Amino acid sequence: MSSPKRSDEPIWWALFSAGGVCFAVFLPGLILALGLLWPLGLLNSAWLQHDKILTLLQSGYGVTGLAFAAAVICLPLFHAAHRIHHGLHDLKFGFSQASKLLCYGLALLLSLLALVLVVAV
Amino acid sequence: MSEYQLLLQRYDPEHDNEPRQQRFTVQGEHTTSVLDALLYVQQQLDPTLGLRWSCRMAICGSCGIMVNGIPKLGCKTFLRDYHAEILIEPLAHFAVEKDLIVDMTQFLAHLSAVKPYLINDYSGTQPHKQTPAQLAKYQQFSNCINCGLCYSACPQFGLNPEFLGPAAITLAQRYNLDSRDNGKAARMPQLNAKNGAWGCTFVGFCSDVCPKQLDPAAAVNQAKVESAKDFIISMFKP
Amino acid sequence: MSTPVSARKPYQPKLGRSWWLKHNYYRLYMLREATVLPLLFFLGCLLYGLYCLTQGAAHWQSFQLFMQQGWVIALNLLAFAASLFHAKTFFALFPRVMPLAPAWLMISGQWLATLLVAAGLLLLFGGWL
Ligand code: SF4
Ligand code: FES
């Protein structure tokens with residue numbers, strides 16, 4: 001009996017898992033701060049001013065900004081892409097190759113956009 | 001004694017094109033299992049009822065059915081835990097042969113695909129010894145009775161019958177973790193495939209329904225970790 | 001002599017698209033998978049915020065106005081709830097995939113990490129740091 005083809009899932013699963021940790025550990029606090037309390041006017045330290053945020057992101061030769069983008073944008077994007085790709089299969093919209101290309105392709109594009117933006121600030 | 005209504009799914013391949021339901025009234029006391037009730041129906045009310053069973057003590061794994069939509073062993077499920085009406089169907093996701101009897105061929109093929117036996121070149125006549133710690137590594141995963149309940153709980157198997165499924169992957173882990181076994185390399189190709197460990201999305205219901213508490217979902221996801229390691233190693237091999 | 005004809009006619013049930021509505025366990029599974037939808041909205045906000053940062057202080061002001069709209073706050077409230085539900089499920093699965101320590105210890109350790117990150121961010125942006 002010939003053995004079946006090796007799946008490339010380990011790559012996507014590793015990104016999914018890393019993204020899942022980031023989503024669970026970093027995102028609750030970040031959404032609470034930037035998505036809820038700041039817009040409601042409950043947080044207004046100088047660190048939320050335009051120039052201060054720039055200093056924050058550029059600190060450590062820009063590594064802070066890149067790490068920030070990777071941890072709270074890129075990896076969570078791949079986490080979401082993985083769940084949507086498999087969710088489509090669960091709902092029997094399983095054009096597996098097409099949905100895979102679309103989901104991970106978009107995650108990759110948006111991740112690159114995030115990295116370009118933090119470098120540009 | 002209390003009265004229960006059993007709503008049985010019936011299917012007679014010689015007359016029916018699809019399953020239908022039939023209602024039976026049975027009496028039950030504290031110790032009446034669903035299997036007891038089904039056997040009462042078969043022996044006293046309708047001898048044409050088809051069902052599988054053997055040990056009546058949750059060890060042979062042949063009496064799996066859906067009780068109110070949840071996979072259960074008929075002999076380990078009791079009328080007392082239900083209200084007056086109980087819906088009984090054959091195990092989900094499998095092809096129905098007759099009434100409550102399903103075709104397990106695919107399930108058995110998946111089990112044997114992972115080479116579920118010790119592979120080694122040990123040929124001594126002395127017992128092949130193992131320490132308690134070595135035993136503990138796989139013991140939990142070795143209690144499977146091949147009842148197939150986990151396959152009926154698994155939507156990924158329902159969506160894609162090629163998926164190896166919880167029990168088979170758990171069995172592969174059981175042998176891969178055994179200190180007396182050297183067959184991991186022969187088993188990994190099955191686990192590495194898209195229908196191997198990677199067919200799972202950790203729904204987790206299989207672990208809920210397993211009558212032997214193997215936690216097959218954990219085994220499958222530990223197999224993903226093993227497959228990911230195997231993936232990395234393969235990148236460094238020519 | 002004719003060969004005997006098999007009376008077999010197995011009935012193969014098909015799993016419909018709505019299988020996950022049939023049982024509470026499956027509904028919770030789908031809810032877990034769906035937590036990424038509000039997450040995507042918040043990630044979109046972050047990307048928009050980064051873009052505004054690159055465009056100068058005035059744009060940053062308009063980003064704040066964008067985030068203050070009722071519907072944006074409502075969706076981010078949903079994203080916050082989703083992140084907590086995701087955390088609850090993810091933390092519980094982790095010790096089963098990698099049993100490195102007793103499950104209760106791994107689960108509480110992960111919650112502690114989430115709590116510390118949240119506290120750090122609130123201290124920083126609240127002006128106490
Ligand atoms: S893992 Fe559990 S549910 Fe699955 S076949 Fe074995 S005993 Fe049955
Ligand atoms: S009859 Fe043997 S497991 Fe139920």
Side-chain angles (χ1 to χ4, degrees), chain A residues 17 19-21 23-51 53-54 56-57 65 68-69 72-74 76-77 79-84 86-87 90-93 106-107 110-111 113-121, chain C residues 15-17 19-20 29-30 32-37 39-40 42-47 49-51 53-54 56-61 64 67-69 72-73 75-77 79-80 83-84 86-91 94 97 110 113-122 124-129:
Chain A
S17 305
V21 173
F23 182 15
V25 173
F26 301 132
L27 268 294
L30 196 64
I31 300 175
L32 185 63
L34 286 186
L36 298 173
L37 298 181
W38 178 51
L40 291 172
L42 297 172
L43 291 182
N44 34 31
S45 94
W47 286 111
L48 283 162
Q49 303 300 321
H50 180 255
D51 51 335
I53 292 204
L54 290 193
L56 211 57
L57 287 180
F68 171 83
V72 306
I73 301 182
C74 306
L77 273 172
H79 173 83
H82 185 84
R83 284 210 154 149
I84 290 174
H86 284 279
D90 289 349
L91 297 175
K92 301 182 75 162
F93 296 103
L106 271 176
L110 291 174
S111 295
L113 177 67
L115 295 176
V116 167
L117 285 174
V118 280
V119 171
V121 293
Chain C
L15 205 54
R17 192 162 277 168
W19 59 267
W20 54 278
Y29 160 74
M30 272 300 180
R32 181 190 90 190
E33 301 299 290
T35 53
V36 301
L37 299 174
L39 166 72
L40 279 178
F42 180 72
L43 294 180
C45 291
L46 281 184
L47 280 171
L50 276 180
Y51 166 75
L53 270 183
T54 63
H59 271 81
W60 182 245
Q61 283 292 324
Q64 189 174 9
M67 293 296 275
Q68 280 168 345
Q69 297 170 91
V72 177
I73 294 188
L75 282 178
N76 279 328
L77 192 63
F80 179 58
S83 71
L84 291 179
H86 162 77
K88 180 179 177 296
T89 56
F90 205 77
F91 292 164
F94 190 38
V97 182
Q110 295 173 97
T114 302
L115 221 64
L116 286 178
V117 168
L121 284 170
L122 291 187
L124 178 69
F125 292 135
W128 293 286
L129 221 67

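Atom set for the values below is all heavy atoms of this structure, side chains included, hydrogens, waters and symmetry mates excluded. A quick note: this is a predicted structure, and the numbers were derived from the prediction, not measured. Residue numbers begin at 1 in each chain, while the letters A, B, ... track the order of the sequences.
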**Report entry** Structural part of A:L37 lying under 4.5 Å from a heavy atom of chain C
**Finding:** side chain
Query raised in the report: So C:F90 and A:H79, would you call those rings parallel, tilted or perpendicular, with 30° and 60° as cut-offs?
Result: perpendicular
**Report entry** Choice from A:G20, A:A114, A:S17 maximising heavy atom contacts with chain C below 4.5 Å
**Finding:** A:G20
**Report entry** Side chains of A:P39 and C:V72 in contact at under 4.5 Å (non-hydrogen atoms)
**Finding:** no
Report summary line: If one checks every heavy atom of A:I53 against chain C at 4.5 Å, the contacting part turns out to be side chain
Query raised in the report: Is there side-chain contact between C:L37 and A:I84, with heavy atoms separated by less than 4.5 Å?
Result: yes
Query raised in the report: Who wins among C:L47, C:L39, C:V117 for the most heavy-atom pairs under 4.5 Å with chain A?
Result: C:L39
**Report entry** Heavy-atom pair count under 4.5 Å with chain A, highest-scoring of C:G120, C:G44, C:G49, C:A57
**Finding:** C:A57
Query - Proximal component of C:Y51, with respect to chain A [non-hydrogen, under 4.5 Å] - result: both
Report summary line: Bottom line for A:L54: the part with an atom under 4.5 Å from chain C's heavy atoms is side chain
Requested in this report: For residues A:D90 and C:Y29, report the shortest heavy-atom separation together with the two atoms involved.
Outcome: OD2-OH, 2.5 Å
Query raised in the report: In terms of heavy-atom pairs under 4.5 Å with chain A, which of C:L84, C:L75, C:L77 leads?
Result: C:L77
Query raised in the report: Side chain of C:R17, backbone of A:K92: donor and acceptor closer than 3.5 Å?
Result: yes
Query - Contacting moiety of A:L36, where chain C heavy atoms sit under 4.5 Å - result: side chain
Query raised in the report: Checking heavy atoms, do the side chain of C:F91, its backbone, both or neither come under 4.5 Å from chain A?
Result: side chain
Requested in this report: Ignoring hydrogens and angles, tell me if any N or O in the side chain of C:H86 forms a donor-acceptor pair with the backbone of A:F23 under 3.5 Å.
Outcome: no
Query raised in the report: Could you state the interatomic distance from CG (A:L27) to CG (C:L46), rounded to the nearest 0.5 Å?
Result: 7.5 Å
**Report entry** Exercise: identify the closest heavy-atom pair between A:A33 and C:L122
**Finding:** CB-CD2, 4.0 Å
Requested in this report: Find out whether C:L121 and A:L32 are in side-chain contact, i.e. whether some heavy atom of one side chain is under 4.5 Å from a heavy atom of the other.
Outcome: no
Query raised in the report: Does the side chain of C:L50 reach to within under 4.5 Å of the side chain of A:L57, using non-hydrogen atoms?
Result: yes
Report task. Give the minimum heavy-atom separation between C:T54 and A:L117, together with the two atoms involved. Result -> CG2-O, 3.6 Å
Report task. Considering non-hydrogen atoms only, spot the tightest contact between C:G126 and A:L43 and give its length. Result -> CA-CD2, 3.6 Å
Query - Residue A:L56 versus chain C: region with a heavy atom under 4.5 Å - result: side chain
Query raised in the report: Minimum heavy-atom separation for C:L43 to A:V72, with atom names?
Result: CD2-O, 3.0 Å
Requested in this report: May I ask you to test the C:Q110-A:V21 pair for a side-chain heavy-atom distance under 4.5 Å?
Outcome: no
Requested in this report: Give, as side chain, backbone, both or neither, the part of A:L42 having an atom under 4.5 angstrom from any heavy atom of chain C.
Outcome: neither
Requested in this report: Give the member of C:C45, C:A34, C:G16, C:G56 that has the highest number of heavy-atom pairs under 4.5 Å with chain A.
Outcome: C:G56
Query raised in the report: Heavy-atom distance under 4.5 Å to chain A: side chain of C:L40, backbone, both or neither?
Result: side chain
Query raised in the report: Taking the side chain from C:T114 and the backbone from A:G29, do they hold a donor-acceptor pair closer than 3.5 Å?
Result: no
Query raised in the report: Any idea which of C:A119, C:A87, C:S83 has the most non-hydrogen atom pairs under 4.5 angstrom with chain A?
Result: C:S83
**Report entry** C:N76 CG to A:I31 CD1 distance, which is reported to the nearest 0.5 Å
**Finding:** 7.0 Å
Requested in this report: Examine whether an atom of A:A46 lies under 4.5 Å from a heavy atom of chain C, and if so say whether it belongs to the side chain, the backbone or both; otherwise answer neither.
Outcome: neither
Report summary line: Heavy atoms of C:W60 and A:Q49 approach each other most closely as NE1-C, 4.2 Å
Query raised in the report: Does the side chain of C:T35 come within less than 4.5 Å of A:R83's, by heavy atoms?
Result: yes
Query raised in the report: For the atom pair CD (C:Q64) and CH2 (A:W38), what is the distance rounded to the nearest 0.5 Å?
Result: 4.5 Å
**Report entry** Contact check, side chains of A:H50 and C:H59, non-hydrogen atoms, under 4.5 Å
**Finding:** no
